[in-house]
Structure formats: structure tokens, C-alpha cells
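Notes for the one structure printed next.
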Amino acid sequence: MRILNLFSNWKWTGPAEPALNLAIKMRERGHDVHFACGRPPKGKEGIIDFARQRGIEPYTGFKLNKHSNPFHNFKDTIKLSRLLKKSPFDIIHSHMENDHLIAARSLERSKAGALLIRTSYHGAGIKPTSRNRWLFSGITDGLITVSDRARACDIATFQLDEKRVWRVVTGVDISRFNPERISGNTRKEFNLRKDDIVVGIVARVQTHRRFDVLLEAFRLASQRLDSLRLFIVGRGTKIKEIVVDPVERMGIKNKVLLSGYRKGDDYVRTLASMDFKVFLVPGSDGSCRAVKEAMAMGLPIIVSKRGMLPEIVEDRVTGVVINDSPENLAVAIYNLATNSVKREKMGANAGKITRQLYSIERQAVEVEKIYDKLLAIRS
């Protein structure tokens, strides 16, 4: 089948990688797959660069802004309408809200026969805006969600036919995030001792990610365990305000490590430096890919009861699920840090479950079945 993926953003962030990974796997499965995304500003690295590195030459003739811009959206609608008339597709797979809107308007304008499918990466459901209500009023042929919670919420919110709404977990590159593949870690780079216990977090440093809760919890736990270290992997424009200054005031500066942004195998080695991980708030990718990547590396995870996190991490099996007050988190951190047997068992379970349930190959097979089912209904 012939498939066009639309992604209205240029940044390599949030659900960009899951969307591109799916397109690549569908192409490997023999389909004629195309990928269109936003264009980065001059001198900036974006999705286009990663797509080319992975063997897909993306459409670059669209603006595909993350946020709706009436003028740019109109131009994109005209261009996409012409493309659909000139080069028909079986499936248009939308991955963001604005490209969903552009695709719907283009299909109406062109009268093309392609099916419109949307993947929503909102782990807690799509916002019930008037635009979204219109898009799900009959224009969209199928919706793929990333969590059971989101599926139930979207069906209820938009009064959708449950037979046209699926939950498909986004996958991670199991071969890449494999502790047996990667050699070494970054502990030496950060002067970590052999007996240091490292709890890590991978997240953009933003206020809503509850770094205040994490830092206070770590302060409490590290008072009881001097060998405990906190490894913060990520960047943010407010990192001084959110992390650097509070760490200084709390007197834990010598126990907190800031690695900045890491990519490629350097990122995998950074994960390999951790003993376990904390993740409190889903970011722009509500499917919480960073959690699955760490699980694939054999790390147990402490998570909050937010978004789809409790669907990914099974309490006392692959990690710990908590109500994330500083006191609760401090207890969870201390208990894992002081029990290596528990860490190893949970980490082994996490790696096994990730390989079974969260591979990109499995995701592609499930999405392919959805395509087939919708095409069969249409015919």
C-alpha cells in the first residue's frame, strides 16, 4: 500500500522519533512509504536530517508548522491537495494536531480517496477543542492511541466508534538500547566511584516536570545514604533556576551531576551509567519513550501515577509506582538504592517485558493490521 506520513514540526523532539521509526519499519515491510515534516530554520538540525540519515528522503515543500498558522496552513492545504490528485495514496497517517487539520482539509478539497488515520501521542487523551471535535466528527477514518486510558477517554469525549479506535504502544529500538551491545558507560567521565548508586532522570528541564519534587526527595534520601548520586540528563533554558540554584541552596551540589543533552551511543552509555531511573511527568511525547528506552537497558523505574506511566511500569515488577510527594519519592529512592537484589530483579523484568511488548517491529505489525482492516471496510 502507499502511505503518506505527516508530521507538523521540524524539531527532533517529542513523538518525532516514534513517527519516523514507524515509517521506516513500514517501508521495510514492503510498503511505499513517504514522510513529510516541517522545515528547520537555517543552520538547525531537524527531523529532515534524521530521516535522510535513515534512508528516507522527506517531502520538504510544506511548511507544516507545529501550531496552526492560517496563511501557511492554506498554502499547505493547496500543495497537499495537488499532490493527492497527482500521486494518490491509500493512507494518510497524521501524527500531530496541525497536520491532522491540513490533511482533512486537503482530502475534502481534492476529493482524494485516501483514508485518514491519526495517531495521538497524548497518554491521557486528546483535548476536546472545537477543531478536534470537527476532525473526529466523521472526517477521520481511524484513531490510534498510545494508552488504554487515552483510548477510553477519546471514545467518550468524541463519541467514537470503538471499532475504529486502537491502542498501539509505540516501540523503541530494541537493538540500539541493548546493554549487551554497548561497551562501557559514562561513569568515569563524571568521576563516579564504583560503589556510587546512581539514580537518573532523562527529561527536558522545565518547571512542570516536577524537578522541585525530585530534588527535595533526593536530598532526603541522600541524607540517609551518602553514596547516592543524582544524574540529570537533559537541557532547558531555565536550568539554572530549576536545578542549579536549588541544588546549591540544598547543599547537594557535589551529589548532583548534569550531563546536558546526549545523543547516539553516548546517550545509551549514559543510561548504562545509572542503577535506576525516575520519571514523574510525561513530556511532549505522552507515550513516554524515554521510560521504555531505560527499561530496555535493564533499569528499574520509579514513576508517578500520571498519564500512561502506570501502564508502562508495573509496580514491584519492573519498578515502583507512587503518589509523587517528596517524602514518598525519597522512600522509593532509598529502598531501591539499598537493595541491589531488588534492583537487579526489576531491571531484568523490565528488559524482558520491553523486548516482548515494546519493539518497533511489533508496533509496525499492529499498525499494518489497522490499515488492512480499514481498507477492507472501505472496499
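In this structure, Ile3 and Arg27 have side chains that are not in contact, with every pair of non-hydrogen atoms separated by 4.5 Å or more. Inter-residue side-chain proximity for Ser87 and Arg2 is flagged as met; some heavy-atom pair is nearer than 4.5 Å. Residues Arg269 and Leu271 form no side-chain contact, since every pair of their non-hydrogen atoms from C-beta on lies 4.5 Å or further apart. Counting heavy atoms from C-beta outward, Leu215 and Leu230 have side chains that approach closer than 4.5 Å. Considering only heavy atoms from C-beta on, Val146 stays 4.5 Å or farther from Val168 through its side chain. Contact annotation: the side chain of Val243 approaches that of Val247 to within less than 4.5 Å [non-hydrogen atoms, C-beta and beyond]. Contact check for Met346 versus Leu336: side-chain heavy atoms found under the 4.5 Å cut-off. Here the side chains of Arg181 and Val268 are in contact, with some heavy-atom distance below 4.5 Å.
Using a 4.5 Å cut-off between side-chain heavy atoms of Ile, Leu, Val, Met, Phe, Trp and Tyr, with links allowed through other members, Leu374 and Leu22 fall into the same hydrophobic cluster. Both Ile117 and Trp166 sit in one connected hydrophobic cluster of ILVMFWY residues. Membership requires side-chain heavy atoms under 4.5 Å apart, directly or through other members. Transitive grouping of hydrophobic side chains (ILVMFWY, heavy atoms separated by less than 4.5 Å) keeps Leu228 and Met274 in distinct clusters. A chain of hydrophobic side-chain contacts below 4.5 Å, direct or via other Ile, Leu, Val, Met, Phe, Trp or Tyr residues, connects Ile24 to Phe7. Note: the hydrophobic cluster containing Val331 does not contain Ile252 (ILVMFWY, side chain heavy atoms under 4.5 Å, direct or indirect links).
With sequence neighbours left out, the ring pair (Phe, Tyr, Trp, His ring centres under 6.0 Å) criterion links His100 to Phe136. Under the rule for a ring pair (Phe, Tyr, Trp, His ring centres under 6.0 Å), the partners of Phe190 that lie at least two apart in sequence or sit in another chain are Phe231. With sequence neighbours excluded, the residues forming a side chain to side chain donor-acceptor pair (under 3.5 Å) with Lys25 are Glu28, Glu361, listed by chain and number. Lys277 pairs by the side chain to side chain donor-acceptor pair (under 3.5 Å) definition with nothing, not counting sequence neighbours.
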Using distance only, find each side-chain donor-acceptor pair of residues 11-19 under 3.5 Å and give its atom names and separation, not counting sequence neighbours.
none

Enumerate donor-acceptor pairs with a distance under 3.5 Å from any side-chain N or O in residues 172-179 to protein atoms, sequence neighbours excluded.
from	atom 1	to	atom 2	distance (Å)
Asp173	OD1	Ser175	N	3.2
Asp173	OD1	Ser175	OG	2.6
Asp173	OD1	Arg176	N	3.2
Arg176	NH2	Gly264	O	3.2
Asn178	OD1	Glu180	N	2.9

Could you list the donor-acceptor pairs under 3.5 angstrom formed between side-chain atoms of residues 33-49 and any protein atom two or more places apart in sequence or on another chain?
from	atom 1	to	atom 2	distance (Å)
His34	NE2	Asp32	OD1	2.9
Arg39	NE	Phe62	O	3.4
Asp49	OD2	Gly46	N	2.8

Just list the side-chain donor-acceptor pairs under 3.5 Å for residues 195-204, sequence neighbours left out, or say none.
from	atom 1	to	atom 2	distance (Å)
Asp196	OD1	Arg193	NE	3.2
Asp196	OD1	Arg193	NH2	2.9
Asp196	OD2	Arg193	N	2.8

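Remark: Arg235 is positioned above the aromatic ring of Tyr261, its terminal NZ or CZ atom under 6.0 angstrom from the ring centre and at most 45 degrees off the axis.
Rounding to the nearest 0.5 Å gives a distance of 8.0 Å between CE of Met96 and NE2 of His67. If you take CZ on Phe279 and CE on Met295, they are separated by 12.5 Å, rounding to the nearest 0.5 Å. With rounding to the nearest 0.5 Å, the separation of CD in Glu241 from OG1 in Thr237 is 9.0 Å. Rounding to the nearest 0.5 Å gives a distance of 10.0 Å between CE of Met1 and CG of Leu115.
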### Task
Run the numbers on Arg306 and Asp324 for salt bridge (Lys or Arg N to Asp or Glu O under 4.0 Å), then give the verdict.
CA-CA 9 Å; Arg306 298 174 187 273; Asp324 56 342; 3.1 Å; yes
### Message
Quick one, Asp315 with Lys305, criterion salt bridge (Lys or Arg N to Asp or Glu O under 4.0 Å). Give me CA distance, side-chain angles, the key distance, then yes/no.
### Response
CA-CA 11 Å; Asp315 189 35; Lys305 296 178 181 179; over 6 Å; no
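Identified under the salt bridge (charged side-chain N to carboxylate O under 4.0 Å, His left out) test for residues 85-108, with sequence neighbours left out: Glu97-Arg131. Counting only residues at least two apart or on different chains, no ring-ring contact (aromatic ring centres under 6.0 Å, His included) pair has a member in residues 280-301. Counting only residues at least two apart or in different chains, ring-ring contact (aromatic ring centres under 6.0 Å, His included) contacts with residues 236-256 are absent. Every pair tested for ring-ring contact (aromatic ring centres under 6.0 Å, His included) that includes a residue from residues 291-320 fails, sequence neighbours excluded, so the list is empty.
With 3.5 Å as the limit, one finds a donor-acceptor pair spanning the side chains of Asn98 and Asn73. In summary, the side chains of Thr140 and Arg164 do not present any donor paired with an acceptor at a separation below 3.5 Å, with no hydrogens or angles considered.
Sparse packing is recorded around CD of Gln159, with 12 or fewer heavy atoms of other residues, nucleotides or ligands lying under 6.0 Å away. Remark: Arg82 CZ is loosely packed, at most 12 non-hydrogen atoms of other residues, nucleotides or ligands lying under 6.0 Å away. Open room surrounds CZ on Arg316; 12 or fewer heavy atoms of other groups in view lie less than 6.0 Å from it.
A salt bridge is defined here as a Lys NZ or Arg NE, NH1 or NH2 lying under 4.0 Å from an Asp or Glu carboxylate O, and Lys369 with Glu366 fails to meet this definition. Under a 4.0 Å N-O distance rule, the pair Arg262/Glu293 does not qualify as a salt bridge. Glu368 has a carboxylate O that lies under 4.0 Å from a charged side-chain N of Arg29, or vice versa, which qualifies the two as a salt bridge.
In this structure, Thr157 contributes its side chain and Asp154 its backbone to no donor-acceptor pair below 3.5 Å. At distances below 3.5 Å, at least one donor-acceptor pair connects side-chain atoms of Thr354 with backbone N or O atoms of Ala350. At least one donor-acceptor pair closer than 3.5 Å links the side chain of Lys292 to the backbone N or O of Thr170. Distance alone, capped at 3.5 Å, places no donor-acceptor pair between the Arg118 side chain and the Leu135 backbone. With hydrogens and angles disregarded, a donor-acceptor distance shorter than 3.5 Å links the side chain of Ser273 to the backbone of Thr186. Formation of a donor-acceptor pair under 3.5 Å by the Arg52 side chain with backbone atoms of Pro58 is not found in this model.
Heavy-atom minimum distance, Glu216 versus Arg219: OE2-NH2, 2.8 Å. Closest heavy-atom contact between Phe276 and Leu299: N-CD2, 4.3 Å. Closest of all the heavy-atom pairs between Ala217 and Ala330 is O-CB, 3.4 Å. Pairing each heavy atom of Gly234 with each of Ser259, the nearest pair is N-OG, 4.4 Å. For the residue pair Leu309 and Ser304, the shortest heavy atom distance occurs at CB-O, 3.6 Å. Closest of all the heavy-atom pairs between Gly123 and Ser147 is O-OG, 2.7 Å.
Each of Lys238, Lys253, Lys240 was checked for a salt bridge (charged side-chain N to carboxylate O under 4.0 Å, His left out) with Asp245, and the lone residue meeting it is Lys240.
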